[in-house]
Amino acid sequence: MLPLGQHDEYRCGVTPQTKAQWRQITLAARDAVSEHTRNTETAALITHIRSVIVDGAIVCAYVPTRTEPGSTDLLDAVAEIAQRVLLPITGEPGPLSWVEYSGADGLLPAKYGIREPVGPVLPPETLSDVECMLVPALAVDLRGTRLGRGAGFYDRTLGSVGPQTRLVAIVRDSELVETLPADDHDIPMGWALTPRGGLTQLKGD
């Protein structure tokens, strides 16, 4: 594990200080990841998934974009273990609503270059019953501070989870860093899942 600014993939010449700088550096690095590496990462994440999810759990997940670690193969691996897998759908700014995942063939193109499931829409309050939530992130630090893309959808959503919900950010190994800038409204992740490191418990403040 290395801070982004010290990793070979990140040769920006400056140490990032703000969330905007971290986003710029991380997104540029993700664009440079090869398809072979992404496939290798997905296979590695699948080997770790049983350390994250218990049989019969209700899980919230997401459809990884082309540059994010994971793929629909990872979603299928989650679905083999979980009782239900819920995926977010885009809407007006606010807490996310959810639709149950029924397989990659049921995903359609949506906003922001992502794919979404089609089916009955479940309200944000559904999260109170979820046992594990896999959360997209550009990076996460050892305290659990998550760096998102800045749209705020998850910031508005994570407050609806129950106390039993395990919050797991999925990132590349180089994106699990020592310290990120944090805001007062940030809800910390309890865990990080990376291809090489597997499941890592985060310390909190």
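Nothing fancy with the numbering, it's 1 onward along the sequence.
- Judged by distance alone, with hydrogens and angles left aside, the side-chain atoms of T42 form a donor-acceptor pair with the main-chain N or O of R38 at under 3.5 Å.
- Interatomic distance, L122 CG to S97 OG, rounded to the nearest 0.5 Å: 8.5 Å.
- With contacts defined as side-chain heavy-atom distances shorter than 4.5 Å, the pair W22/L138 does not qualify.
- Of the charged side-chain nitrogens involved, at least one lies within less than 4.0 Å of a carboxylate oxygen, so that E41 and R172 count as a salt-bridged pair.
- For D129 and R84, the salt-bridge test fails: no basic side-chain N is under 4.0 Å from an acidic carboxylate O.
- In this structure the side chain of T179 reaches within 4.5 angstrom of the side chain of R143, judged on heavy atoms.
- Residues forming a side-chain hydrogen bond (donor to acceptor under 3.5 Å, both in side chains) with S34 (at least two apart in sequence, or on another chain): T37.
- In this structure, S128 contributes its side chain and V161 its backbone to no donor-acceptor pair below 3.5 Å.
- Judged by distance alone, the side chain of E80 and the main-chain N or O of A77 form no donor-acceptor pair under 3.5 Å.
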Residue pair R30, E175: steps toward the salt bridge (charged side-chain N to carboxylate O under 4.0 Å, His left out) verdict | CA-CA 10 Å; R30 284 188 168 188; E175 297 164 352; 2.8 Å; yes

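- Using a 4.0 Å cut-off between charged side-chain N and carboxylate O, D141 and R146 make no salt bridge.
- Inter-residue side-chain proximity for E68 and P136 is flagged as met; some heavy-atom pair is nearer than 4.5 Å.
- Here the straight-line distance linking atom CG of L87 with atom CG of L75 works out to 5.5 Å at 0.5 Å rounding.
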Checking side-chain contact (heavy atoms from CB on, under 4.5 Å) for the pair L167/I187: CA distance, chi angles, key distance, verdict?
-> CA-CA 10 Å; L167 297 178; I187 295 178; 4.2 Å; yes

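- Of the inter-residue distances, the one linking I49 atom CD1 with I53 atom CD1 reads 4.0 Å to the nearest 0.5 angstrom.
- The backbone N or O of H36 lies less than 3.5 Å from no partner atom in the side chain of N39, so there is not a single donor-acceptor pair.
- Within 6.0 Å of the CG atom in D105, the count of heavy atoms belonging to other residues, nucleotides or ligands does not exceed 12.
- The closest side-chain donor-acceptor pair between T90 and E116 falls under 3.5 angstrom.
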Run the numbers on R149 and L27 for side-chain contact (heavy atoms from CB on, under 4.5 Å), then give the verdict.
-> CA-CA 9 Å; R149 291 179 178 265; L27 288 169; 3.4 Å; yes

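- Formation of a donor-acceptor pair under 3.5 Å by the E100 side chain with backbone atoms of L86 is not found in this model.
- Counting heavy atoms from C-beta on, the side chains of M133 and Y62 never come closer than 4.5 Å.
- Among L193, V78, I81, the single residue meeting the side chain to side chain contact (heavy atoms under 4.5 Å, CB included) criterion with V52 is L193.
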Tell me, with the steps shown, if W98 and T157 meet side-chain contact (heavy atoms from CB on, under 4.5 Å).
-> CA-CA 11 Å; W98 304 83; T157 299; 4.0 Å; yes

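- Rounding to the nearest 0.5 Å gives a distance of 7.0 Å between CG of L134 and CG of L74.
- A donor-acceptor distance shorter than 3.5 angstrom exists from the side chain of D173 to the backbone of G197, with no hydrogens or angles considered.
- A donor-acceptor pair under 3.5 Å is absent between the side-chain atoms of T26 and the main chain of R23, judged by distance alone.
- Side-chain contact between E131 and R166 is absent, with no heavy atoms from C-beta onward closer than 4.5 Å.
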